[in-house]
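Here is the structure we will look at, set down as structure tokens.
Quick note: numbers below take in every heavy atom, side chains included, and nothing from hydrogens, waters or symmetry partners. First listed ligand is number 1; within each ligand, the first listed atom is number 1.
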Amino acid sequence: MALDAQLRRALAERIRYYNELGIYDFYRRSGPADEPSLADSAKDLFRSGDTPHLAGDGARAKLIQPEEREDMTRRAAVARRVRDENIFEVAAEPEYSVADPAKALKIIREDLGDCTRCVLHKQGRKQIVFGVGSPRAELMFIGEAPGADEDQQGEPFVGRAGQLLNNMIKAMGLQREDVYIANIIKCRPPGNRTPEREECETCSPFLMRQVAAIKPKVIVALGAVAAKTLLAINAPMAELRGHWYEFKPTGVRSDDPSWRGAKLAVTYHPAFLLRDPRQKKEAWKDLQMVMRELGLKPPARVAE
Ligand code: SF4
């Protein structure tokens, strides 16, 4: 049985909260006597006034409020599903014991396998587009979904939008190989449509694990879908851009005490910039903000 997507997010938030307190191991009690306490736990999740959220109080309110209207019967049923699916095992992924990020990414890729977890596996994808770049990258770019070229080549951002992203990276004084590039979802949606929320929620846990393995200093969300999914904020790009957000991948743990999460900035998707080149100046402002954070200087001559 599929777990309610909103509950999954609420649980992931709670697990992250415990992780931030230094609690990583969760145990499932067995036996009918535990049912009331499981139900109570689920009720707590929906109360959750103390649950921290990377996107701020306003965003948390948007996330939690609809759930507070759920009735007691449904909450108890959800609690039983939590027990059945053993959701707390999300805190023990196989790559956690691996220090080398390249090996950790390999494990995550193997775990993803020939994924059939969402409908996109049977809607014409040629291959899964996992991600590309340095496993030790300080800077990570996250877009929305693979397009036709990416589906064909198995690598994110290789078409015209990819060329523009390469130019943006060069303008920052870096090479494509210096950064890591991925998308929220790993299979091409038919007709390049916007990914459905369900698809994002099913696929993004693998992205979260990639982020936790790479431990970047800075993440740049490319476009509204990536920004809204990563930050759980439903806001227009004009509001999302120009700010730093504290970002810690949801539902995963990092054993590296020196990595407390990444700073996240939002800019336009390169495909949007191809359609509206006037916005390149705005995107450059966003990238300059990132460069200041990373101590980067642009090369003497920046290619257009
Ligand atoms: S989009 Fe992600 S979850 Fe869906 S089938 Fe592809 S890899 Fe699996």
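Residue Arg125 has at least one heavy-atom neighbour below 4.0 Å for each of these atoms of ligand 1: 5 (S), 6 (Fe).
Here SG of Cys187 is found 10.5 Å from CZ of Arg117. Values are rounded to the nearest 0.5 Å.
The existence of a salt bridge linking Glu155 and Arg176 is confirmed by a sub-4.0 Å separation between a basic side-chain nitrogen and an acidic carboxylate oxygen. Residues Asp100 and Arg136 are paired through a salt bridge, judged by an N-O separation under 4.0 Å between the basic side chain and the carboxylate.
Shown here are the side-chain contact (heavy atoms from CB on, under 4.5 Å) partners of Lys217, two or more places apart in sequence or in another chain: Glu138, Leu294.
In the displayed structure, Lys103 atom NZ is contacted under 6.0 Å by at most 12 heavy atoms of other residues, nucleotides or ligands.
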Could you check Leu165 against Leu222 for side-chain contact (heavy atoms from CB on, under 4.5 Å), going step by step and ending with a plain yes or no? CA-CA 10 Å; Leu165 179 61; Leu222 298 167; 4.2 Å; yes
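Within the protein, the number of N, O or S atoms lying under 2.8 Å from atom 4 (Fe) of ligand 1 is 1.
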